[in-house]
Protein chains: 2
Amino acid sequence: MYTYTNSLYKLIERRSVDLVSSKDVAKLSGFSQATVSRVMNSPDKVNSKTKKKILKTMEQLNYQPNLIARSLITNRTKTIALISGELHNAFFVETTDSIVNLASKYGYKTMVYFDNGNNAKEIYNSVVGAKVDGILMSSIMLDDPLLEEIENSGIPYMFFNRRPRRGGNYVVSNNKLAGELITKHLIGLNHNRIAYISGELNISTFLERKQGFEQALKKGNIEIDSSLQCITDASTSEVEKKTLKLINYSNPPSAIVYATDAMALVGMNAILSMGLNIPDDISIAGIDNNSISSHYAIQLTSVGNPGFKMEELAMEILIEVMTNKNITRRQIIPNPEVIIRRTTSVKN
Amino acid sequence: MYTYTNSLYKLIERRSVDLVSSKDVAKLSGFSQATVSRVMNSPDKVNSKTKKKILKTMEQLNYQPNLIARSLITNRTKTIALISGELHNAFFVETTDSIVNLASKYGYKTMVYFDNGNNAKEIYNSVVGAKVDGILMSSIMLDDPLLEEIENSGIPYMFFNRRPRRGGNYVVSNNKLAGELITKHLIGLNHNRIAYISGELNISTFLERKQGFEQALKKGNIEIDSSLQCITDASTSEVEKKTLKLINYSNPPSAIVYATDAMALVGMNAILSMGLNIPDDISIAGIDNNSISSHYAIQLTSVGNPGFKMEELAMEILIEVMTNKNITRRQIIPNPEVIIRRTTSVKN
DNA sequence: TTGAAAGCGCTAACAC
DNA sequence: GTGTTAGCGCTTTCAA
């Protein structure tokens, strides 16, 4: 008894630098390490008195199981990787928030990576080494070589927002429809010189939204004018530049569709800074329906899936795939709708 | 030779589900596991021919070291934990982005947690179990019991944005000065009924900013009117409610200082929705200088540290602490400045 | 310069 | 219901 008290004292005293292990708990409680393990993993298989004693000892020692050691043997880390677009785009702010919180709700930690457009492979290697239980990824390109690697790795995954050209598991909005709807909205307001500013077309969202844009023009019998289409990287400076270019045409467009709300926000800033009025001088619209877009000072007309978060559905599915191993192909494409606000009006 | 080719074939064929280990690399290359390990950890200690062979084998097998196993023995995970406020506050969007990217630049992965105000202890336990190499944390309360635990844990850490009442390592803005400066700015515009909407005062930023507010009033010989001070949780609905309450006074304030830009944005939305004009009817200002605040459609007067990112400095220091173990107390408090935009004007 | 062997802290058969 | 033992995939002495 004395010895126990003595070593207990020592164990409590020492700082976590040299941490308490299940061996310590075992020794001090008088049971084996296996039983200590059972208390954590199959508590119903251990005598309730024993359990009580061990739990008390754990508390006394402030024992925290070493998850690294546990993972090495279980081959599960209770961690998911989120490979996201950068937070400069408010869309990813909302998805990151949702995903981390939802993961946590399900008992998963989240390793977050931001893909800046040319570090995907590096990120992927890190993710593989980290032995995450699943991957949630937005930043997949249309013909991304990573797709095959991920598929072959056997690691459960879901894409959201973007998808590869063929195959893969994902939840993405019907982006072609999104592009079509917003353009149709503008055509309905009598606009016929409608410009379009897009990110690079090796990304599904950008390609498909533009396809929708063109489809709407075609249906509206408006000729496609390539001088009104700008494909650019989605950076602030480029979007600004393209916006100013369009505005300064001798025959400028009466409306601009931006491929994302984030880009529209940049465009709006540029247009207002020029002293122009939105929508009196020019209508603008985005796609994604970021939450800032509904702010009274912004009031950006957009396209979105209100009441539905694709990243959350993707996460729910991922959880299911991680627990039940029967992985069937999952491809979900909800239809979005236009949210009309104050940045679009009838062409005057 | 034949045997090697044969087993190589088998190893290449199999999917990563049962992954290649350093043992496989060893067997196939004809060296020991120890030497394979050396190739990764002290390559200069291994013969260059041997090294070349082993590296080639690694590539053939697409070997990725199991970081979990490595961590178990090295006791380092090359992972930091970011315990952040939620992304609803744009301030944390920018810090999260910076931190994850900077960590990655230094070769660290980032486990991200969002503290919603009552899961800090739970998060902390997860962090301890995950054996992260360091913690970057914004969501510390003034008298947080976690401080002692973190200090005792021996895990390198830095707070940013918020700090505990006493002790701790942190980089935080001079928040009292921030509150004082913005209030002085308004007093300089002849405002003398200035309202203040703050988050809970158990958080250093809120307490100190309010102290600065009061100090400025005192210096300006303006009596403190408690009916113009609202302490609330920082949620959207509460900030809205308080804003409307103030506006509907028979003798409303001519200016409102919000403790954060995020709160000011909510207030702005409420005020504009009422049909009032900013700043003609009422001036408003925030603190933090979020990037959205400089948007032309927002133009929020704020207080910030332009050209300086406290989270980045905190991260740099953390890296240093994690590598050189001589942990000295670090408390850094840069002075902010007012950024005047269009939401504040002379009282009419 | 390389290999053999021990062990990080945990879990999971298997035995009792 | 509990203990003994082996081993997850690495790194790291210690010998050779």
Side-chain angles (χ1 to χ4, degrees), chain A residues 11 14 16-55 57-58 61-79 126 128-133, chain B residues 11 14 16-55 57-58 61-79 126 128-133:
Chain A
L11 283 166
R14 71 182 189 185
S16 308
V17 179
D18 48 344
L19 255 171
V20 177
S21 78
S22 65
K23 221 175 194 167
D24 297 320
V25 176
K27 206 169 287 176
L28 205 60
S29 64
F31 294 92
S32 75
Q33 208 181 359
T35 303
V36 172
S37 176
R38 281 190 202 100
V39 168
M40 298 185 280
N41 298 303
S42 42
D44 35 325
K45 282 184 181 168
V46 35
N47 181 294
S48 70
K49 279 211 160 180
T50 308
K51 192 162 37 185
K52 205 172 281 181
K53 262 187 206 161
I54 289 179
L55 285 171
T57 310
M58 285 177 167
L61 299 185
N62 195 21
Y63 169 70
Q64 293 289 342
N66 184 329
L67 268 31
I68 298 285
R70 179 178 290 170
S71 292
L72 186 58
I73 181 137
T74 60
N75 217 21
R76 311 200 314 118
T77 53
K78 278 285 181 181
T79 301
S126 168
V128 169
K131 292 268 172 294
V132 299
D133 293 343
Chain B
L11 282 167
R14 70 183 190 184
S16 307
V17 178
D18 49 344
L19 255 170
V20 176
S21 78
S22 65
K23 223 176 193 165
D24 297 320
V25 175
K27 206 170 288 175
L28 204 59
S29 64
F31 294 92
S32 74
Q33 207 181 1
T35 303
V36 173
S37 175
R38 280 188 202 103
V39 168
M40 298 186 278
N41 299 302
S42 43
D44 35 325
K45 282 183 180 168
V46 34
N47 181 293
S48 71
K49 279 211 161 181
T50 307
K51 192 162 36 185
K52 206 173 280 180
K53 262 188 207 162
I54 289 179
L55 284 172
T57 309
M58 286 178 168
L61 299 185
N62 195 19
Y63 169 71
Q64 292 289 342
N66 183 328
L67 268 31
I68 297 286
R70 179 178 289 171
S71 292
L72 187 59
I73 181 135
T74 61
N75 218 22
R76 310 198 317 117
T77 53
K78 278 286 183 180
T79 302
S126 168
V128 169
K131 292 270 171 293
V132 298
D133 293 343

It should be established whether S22(A) places a side-chain nitrogen or oxygen under 4.0 Å from OP1 or OP2 of nucleotide dG9(C). no

Could you state the NZ-C1' distance from K27(A) to dT4(D), rounded to the nearest angstrom? 16 Å

Starting at the 5' end of DNA chain D and moving along, which residue's nearest nucleotide shows up first, T35(B) or L72(B)? L72(B)

Rounding to an integer number of Å, can you tell me how far K45(A) NZ sits from dT11(C) C1'? 12 Å

Ignoring backbone atoms, test whether S37(B) places a side-chain nitrogen or oxygen under 4.0 Å from the OP1 or OP2 oxygen of dT11(D). yes

When you measure from the side chain of S29(A) to the backbone N and O of K53(A), does any donor-acceptor pair fall under 3.5 Å? no

Measure from CD on Q33(B) to P on dT11(D) and round the result to the nearest Å. 9 Å

I'd like to know if the side chain of K51(A) and the backbone of P43(A) have a donor-acceptor N/O pair within less than 3.5 Å. yes

Is the distance from OP1 or OP2 of dG9(D) to the nearest side-chain N or O of Y63(B) less than 4.0 Å? no

How many whole angstroms separate atom NZ of K51(A) from atom C1' of dT2(D)? 14 Å

Distance, rounded to the nearest Å, where Q64(A) contributes CD and dC10(C) contributes C1': 15 Å

Is the phosphate of dC10(D) approached by N66(B) (side-chain N or O, under 4.0 Å from OP1 or OP2)? no

Classify S71(B) by what it touches in the nucleic acid, base, sugar-phosphate, or nothing, heavy-atom distance under 4.0 Å. nothing

Candidates dG3(C), dT2(C), dG9(C) - which lies nearest the side chain of V46(B): dT2(C)

Locate the shortest heavy-atom distance separating R76(B) from D133(B); write the atom from each residue and the value. CA-OD1, 3.4 Å

Under-4.0 Å side-chain N/O to phosphate OP1/OP2 contact, S32(B) with dG3(C): yes

What are the two closest heavy atoms between T77(B) and A130(B), and how far apart are they? CG2-O, 3.9 Å

Determine the minimum heavy-atom distance between S71(A) and I68(B), stating which atoms define it. CB-CG2, 3.9 Å

Distance in angstrom units between I73(A) CD1 and dG7(C) P, rounded: 18 Å

Please tell me which of I68(A) and F31(B) maps to the more 5' nucleotide of DNA chain C, matching each residue to the nucleotide holding its nearest heavy atom. F31(B)

Nearest-Å distance, CG (N75(B)) to P (dG7(C))? 17 Å

What is the distance, rounded to the nearest whole Å, between atom NZ of K23(B) and atom P of dG3(C)? 15 Å

Nearest listed nucleotide, side chain of T74(A), among dC10(D), dA12(C), dG1(D): dA12(C)

Residue mapping more 5' on DNA chain C - nearest nucleotide basis, A69(B) or D44(B): D44(B)

Could you work out which one of dT11(D), dG3(C), dT11(C) sits closest to the side chain of R38(B)? dG3(C)

